[in-house]
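Just so you know, ligand 1 is whichever comes first in the structure, and atom 1 is the first atom listed for that ligand.
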Amino acid sequence: MNQAFTDEQQNYLKGFMAGVEARRGSLAPAGGAAGGAPADAMRAAQDATIARGGKLTAEEKAKREKHPLDRWDEVVARAEQGRFPHGVDNLLTRWHGLFFVGPTQDAFMCRLRIPGGIITTHQFRGIAAIAEECGGGYTDVTNRCNLQIRMIPADKGPEVIERLGEIGILPKGTGADNIRNISATPTAGIDPHEIIDVRPVVRALHFHILHTRDLFGLPRKFNISFDGGGRIPVLEDTADVAFTAVRVEGEALFRLALGGITGHKDFARDTGVVLPPGDAVKVSDAILRVFIANGDRTDRRKARLKYVLDAWGFDRFIAEVEKQLGAPLRRAENSVDFSAQEKHGHLGVHDQKQEGLQYIGLTLPMARVTAERMRGIAAIADRHGSGNLRLTPWQNILIIDIPREAMPQVQAEIVALGLGWEASHIRGGLVACTGAAGCKFAAAHTKQHGAALTDYLDARIAVPQPVNIHLTGCHNSCAQHYIGDIGLIGAKVERGEEEVEGYDLHVGGGAGSQQRIGRLVRPKVAHDELGPMVLNLLRAWAEEDPEASFHDFA
Ligand code: SF4
């Protein structure tokens with residue numbers, strides 16, 4: 001490396017070169033775009049559906065009429081008229097990262113794209129400014145290591161997208177039938193336990209997706225996730241494509257699992273395939289092309305990857321992927337090891353693999369952070385760290401690269417911001433979707449009820465081990481209620497003549513080493529009756545078998 005570069009610049013260049021290496025020779029798979037397939041894979045798949053006598057859904061017809069990526073001029077024109085998109089226009093505008101979320105909020109929500117949750121303080125400050133000047137003055141951290149800006153007026157939508165682009169945040173395809181933000185181990189590159197530093201491959205795949213038109217316009221949404229083997233669980237087995245780092249005869253490889261969609265009660269299932277990190281982009285590309293060509297475009301309820309796998313079986317699907325790649329994939333015995341994971345490792349102070357450095361995981365009430373606090377967090381990361389932050393699937397933020405001796409000062413500055421890094425075994429694992437405050441599908445105010453539930457429980461019980469509580473407002477399962485130790489899905493509950501907000505109560509779910517779909521123990525519990533009911537469950541566990549995890553007890 002050139003001696004004139006600073007350490008930070010050298011690290012950036014190293015990461016960049018590793019990304020180039022990950023892409024090299026990988027983007028022209030036999031049968032792919034460069035192998036003679038039509039330029040627009042979505043249209044070719046629609047043509048094939050029609051040729052088989054299938055009737056395209058209304059959404060597919062709209063996508064077919066004019067490619068949604070070519071509709072930016074319409075987005076701008078509507079903004080100039082101060083109008084929001086409705087109906088199918090609302091779906092198509094999501095190709096550009098903007099969601100009209102009426103009638104709940106008369107506003108756009110912008111879902112960003114922050115691959116692996118890796119973000120610089122420069123970007124974080126820029127997003128804070130955009131949220132303040134064009135939105136509600138805050139961002140929400142999502143469980144795909146991502147951020148959302150809310151309360152954006154109709155005329156500000158394009159400005160948000162343009163200003164995000166200026167700081168290197170490109171929200172193209174973050175909604176509708178596209179590949180969502182890539183989630184990954186939030187401690188990539190700093191975790192003493194990691195098997196693979198996933199940053200280069202996440203970056204390479206992120207840009208491959210953004211720059212490959214064929215990969216926009218899938219049958220339905222699509223999630224890809226990488227677990228490099230670190231301390232913080234990534235929940236990759238809830239994704240359509242899950243890469244989990246393993247060691248096979250001393251070699252660090254990814255193990256491939258497919259078809260996760262926990263809202264449909266299915267985890268990504270092991271394929272038996274292992275691959276080197278440098279092949280992950282081309283293997284992802286091949287999987288996507290098989291899905292794009294063969295996913296169901298006549299019934300959106302059956303349009304996710306899981307349903308191709310269910311119809312074909314894994315052997316046939318992998319054979320098609322190999323055909324697409326023009327080469328066989330390698331198989332190995334399953335050797336996934338989750339022993340490094342800590343259930344609430346996303347909170348508190350932890351040593352990094354770099355001698356003398358630590359990271360600190362902040363608690364964020366209701367996963368929301370104001371623009372002012374964003375600037376405060378960025379200032380701490382600049383003053384004491386390397387100017388880098390990470391977002392986790394547990395809806396919180398890590399400040400990284402802090403010298404051990406600076407940590408007390410960092411903690412004092414975090415307290416001064418009104419934030420913290422410690423939480424009870426209950427509060428530390430609370431995950432809630434947007435809920436009725438910002439989503440028209442929600443049957444309940446998930447974030448508010450989650451906060452009230454943890455307040456109630458924390459005042460009455462100190463449980464012996466971490467417990468994860470997931471609340472979602474509807475069956476779309478954005479906060480993955482089926483994998484919580486306690487999982488709550490919004491439901492309307494009759495109370496006399498009235499209808500009140502409540503939840504179907506599930507217990508015993510988990511992911512990774514505790515993989516299990518939660519079971520329904522009580523339907524339709526009113527939100528104000530949740531506290532006593534969950535408290536009884538936790539007391540029964542704490543009294544009967546505190547040595548076991550709640551997951552095992554349940
Ligand atoms: Fe909205 Fe349902 Fe997703 Fe919650 S789970 S954010 S209610 S779509």
Side-chain angles (χ1 to χ4, degrees), residues 59 87 90-91 93-94 97-112 136 138-152 171 174-178 180-181 183 220-223 235 238-240 260-266 300-301 303-304 364 366-368 391 393-395 430-453 468-484 486-493 499-506 509 511 517-518 520 524-525 527 530:
E59 291 82 357
N90 192 12
L91 178 86
T93 303
R94 295 176 185 200
L98 289 170
F99 300 56
F100 172 55
V101 290
T104 318
Q105 292 174 339
D106 195 29
F108 279 124
M109 176 271 281
C110 180
R111 185 183 290 149
L112 279 49
Y138 62 87
T139 57
D140 287 336
V141 185
T142 78
N143 55 1
R144 291 205 63 74
C145 312
N146 203 359
L147 293 172
Q148 294 179 348
I149 301 173
R150 289 189 161 266
M151 299 301 292
I152 302 165
T174 53
D177 304 337
N178 295 301
R180 304 301 172 81
N181 189 48
S183 65
R220 282 290 268 128
K221 71 175 180 178
F222 202 91
N223 293 320
L235 309 178
T238 65
D240 296 277
I261 171 171
T262 57
H264 295 218
K265 301 189 177 180
D266 225 346
R300 287 177 72 76
R301 290 167 307 174
R304 293 287 297 270
L364 295 181
M366 297 207 281
R368 181 160 289 180
L391 308 173
W394 299 94
Q395 300 182 326
L430 180 81
V431 183
C433 77
T434 300
C439 177
K440 69 176 178 183
F441 299 112
H445 283 74
T446 49
K447 284 185 184 284
Q448 291 78 354
H449 295 155
L453 178 62
N468 292 341
I469 301 179
H470 294 233
L471 295 95
T472 60
C474 78
H475 281 91
N476 284 334
S477 185
C478 296
Q480 300 162 326
H481 52 278
Y482 286 127
I483 64 160
I486 293 170
L488 297 159
I489 175 166
K492 294 294 181 199
V493 181
E499 212 176 44
V500 297
E501 294 185 2
Y503 295 86
D504 292 342
L505 171 62
H506 300 74
I517 295 292
L520 179 67
K524 295 187 179 297
V525 181
H527 70 91
L530 268 182

K.L.:
Does either side chain, that of H449 or that of Y503, offer a donor lying less than 3.5 Å from an acceptor on the other one?
P.N.:
yes
K.L.:
How close do A511 and I483 get, counting heavy atoms only, and between which atoms?
P.N.:
CB-CD1, 4.2 Å
K.L.:
Does atom NZ of K492 have more than 12 heavy-atom neighbours from other groups under 6.0 Å away?
P.N.:
yes
K.L.:
Could you check whether R368 makes a cation-pi contact with Y138, meaning its NZ or CZ is under 6.0 Å from the centre of the six-membered ring and within 45° of the ring axis?
P.N.:
yes
K.L.:
Verify, without hydrogens or angle tests, whether D140 (side chain) and Q148 (backbone) share a donor-acceptor contact under 3.5 angstrom.
P.N.:
no
K.L.:
Are a donor atom and an acceptor atom from the side chains of T262 and Q480 found within less than 3.5 Å of each other?
P.N.:
no
K.L.:
Take atom 3 (Fe) of ligand 1 and tell me which protein N, O or S atoms are nearer than 2.8 Å.
P.N.:
C478 SG
